[in-house]
There are 2 protein chains.
Amino acid sequence: MPHLLLKDLPRYDCLLKAAKEFPDLDPSAMEAFLHLLRTGDEVFSVTDHNLNAHNISHGRFGVLMLLRRSCQPRIAALMGDAAGVAGPRTPAELAEAAGVTRATMTGLVDTLERDGFVTREPDPDDRRMMSVRLTAKGEGFLREFLPGHFKVIGAIMYTLTETERKRLVSLLVKVQQQVAILNPYREHTVSVAS
Amino acid sequence: MPHLLLKDLPRYDCLLKAAKEFPDLDPSAMEAFLHLLRTGDEVFSVTDHNLNAHNISHGRFGVLMLLRRSCQPRIAALMGDAAGVAGPRTPAELAEAAGVTRATMTGLVDTLERDGFVTREPDPDDRRMMSVRLTAKGEGFLREFLPGHFKVIGAIMYTLTETERKRLVSLLVKVQQQVAILNPYREHTVSVAS
DNA sequence: GCCAGACAGTTAGCCTCCTAATGAAATTCG
DNA sequence: CGAATTTCATTAGGAGGCTAACTGTCTGGC
């Protein structure tokens, strides 16, 4: 389930040594990169274990969370959201919101339906479409699971002060923005070895 | 290939609103958590795309990198490492170093061997063991690929100053340490909903 | 010297993700 | 009106993780 990395990150002096062989290797950039991947992975693992203990994968959890929003349009309306703006309901909307392909979403909804967390109903207006909805069991699972999930996340971040959290987030956002800048040119930046 | 997340992170005021419903939800902790996962994922995606463009996965890349160390014992010796300390060579050592199971390593070595990047040879002393080695093609791939890979990583981190990189790393290390503290107790902290 | 156990590598079966191709329904447009 | 295009969901097949079980080899205690 992890992104797969080295078990032990290379020590900084190893990076310095490697930089002698590869002039393109920026040791402090590589160090930050490796720690970012590693930390994201470890944090992911904790919540993933938590989810697996309840027999649910991250992907399936994401779908349930998206559907939870959809299933409470009245609450959303009360809270100030535009009345008509419900969350995603069709597999295509869910796939878009979750950032996976529709084919993947079909598989996720398959297993969620098999396990009784959601139902699939044909759309009366457009017979190509399906409408996915949380069942009572699905809602119950979230109600029962979420408090613990939030506690785990709070426990992980407990080690950082409010100031440190803000600082971390602002550094991460900077990296995200840089990735966004790089992405459109990926084809060019990538083809170094071709 | 990503860990699957929301396409758009919830805005902070949504977290505040959600915290009203779930007292266990710490908005700033959740924000830091989501950004950590998201950023790790995006950074991963960039390098993963880079690798995929060369028809190699992150897992396979990791194996090649581990083997590169093993295949240069003379260089390592020259550089001050103890002469006998070669890198991992057997599937079990590779699995341990990469942090995957031996079964997974079998699969990775299978495809790497199929594609001509590595060879498998029986160990003459212990007939249970195999010795995995980079082929000339595997070495050539790395020689050709690594400079671009390092450039991409440098480009991502270009947005942060040396000071910011150090600060980011130290915040990430704090989180890693917290995760390490939490892990042994995972069974307990997890069973909130049972 | 031999047998029980440990250990290396593989196999088999499952899950989640992907891409590509398919079939059915809706829409667009000549 | 009907053909081409688009859009929906799904299926098929592949890759890389995992666990569990198996095979063959070594080793250590009797």
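Side chains included, hydrogens not; waters and symmetry mates left out as well; all remaining heavy atoms used. Convention: sequence-line order gives letters A, B, ...; per-chain numbering from 1.
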Option among A:R165, A:E164, A:H35 that satisfies the side chain to side chain contact (heavy atoms under 4.5 Å, CB included) test with B:L171: A:E164

Whole angstrom value for the distance that separates C1' of C:dT11 from CE of B:M105: 17 Å

Most 5' of B:T111 and B:A103 on DNA chain D, judged by nearest nucleotide: B:T111

Evaluation steps, side chain to side chain contact (heavy atoms under 4.5 Å, CB included), between B:K166 and A:E31: CA-CA 9 Å; B:K166 294 292 176 208; A:E31 187 192 30; 3.5 Å; yes

Heavy-atom closest contact (B:A19 atom, B:L25 atom, distance): CB-O, 3.7 Å

A:Q176 and B:T39 side chains, donor-acceptor separation under 3.5 Å: yes

Of residues 115-128 of chain B, the positions that come close to DNA chain C - non-hydrogen atoms, cut-off under 4.0 Å: B:R120, B:R128

Short side-chain N/O contact from B:R102 to OP1 or OP2 of D:dG17, under 4.0 Å: no

Interatomic distance, B:D110 CG vs C:dT10 C1' [rounded to whole Å]: 9 Å

Closest non-hydrogen atom pair, B:D126 against B:D123: N-OD1, 3.0 Å

Distance test, side-chain N/O of B:T104 to OP1/OP2 of D:dG17, below 4.0 Å: no

Rounded interatomic separation in angstrom, taking NE2 from B:H58 and P from C:dC17: 18 Å

Whole angstrom value for the distance that separates C1' of D:dG24 from CE of B:M130: 13 Å

Atom pair distance, as rounded to whole Å: CZ in A:F61 and P in C:dC15: 21 Å

B:N50 versus B:V152, closest heavy-atom pair with distance: ND2-CG2, 3.5 Å

Candidate nucleotides C:dC17, C:dA8, D:dT10, ranked by approach to the side chain of A:L108 - the nearest: C:dC17

Integer-rounded Å distance: C:dT27 C1' and A:M129 CE: 12 Å

Selected nucleotide, minimal atom distance to A:R60 side chain, candidates D:dA15, C:dT16, C:dA8: C:dT16

Rounded distance (Å) that lies between atom P of C:dC18 and atom CG of B:N55: 18 Å

Value in whole Å for how far the P atom of D:dG17 lies from CG of A:N52: 16 Å

Phosphate-side-chain proximity, B:S57 and D:dG16, N/O vs OP1/OP2 below 4.0 Å: yes

A:T111 side-chain N/O to A:L108 backbone N/O, donor-acceptor pair under 3.5 Å: yes

Under-4.0 Å side-chain N/O to phosphate OP1/OP2 contact, A:T101 with C:dC18: yes

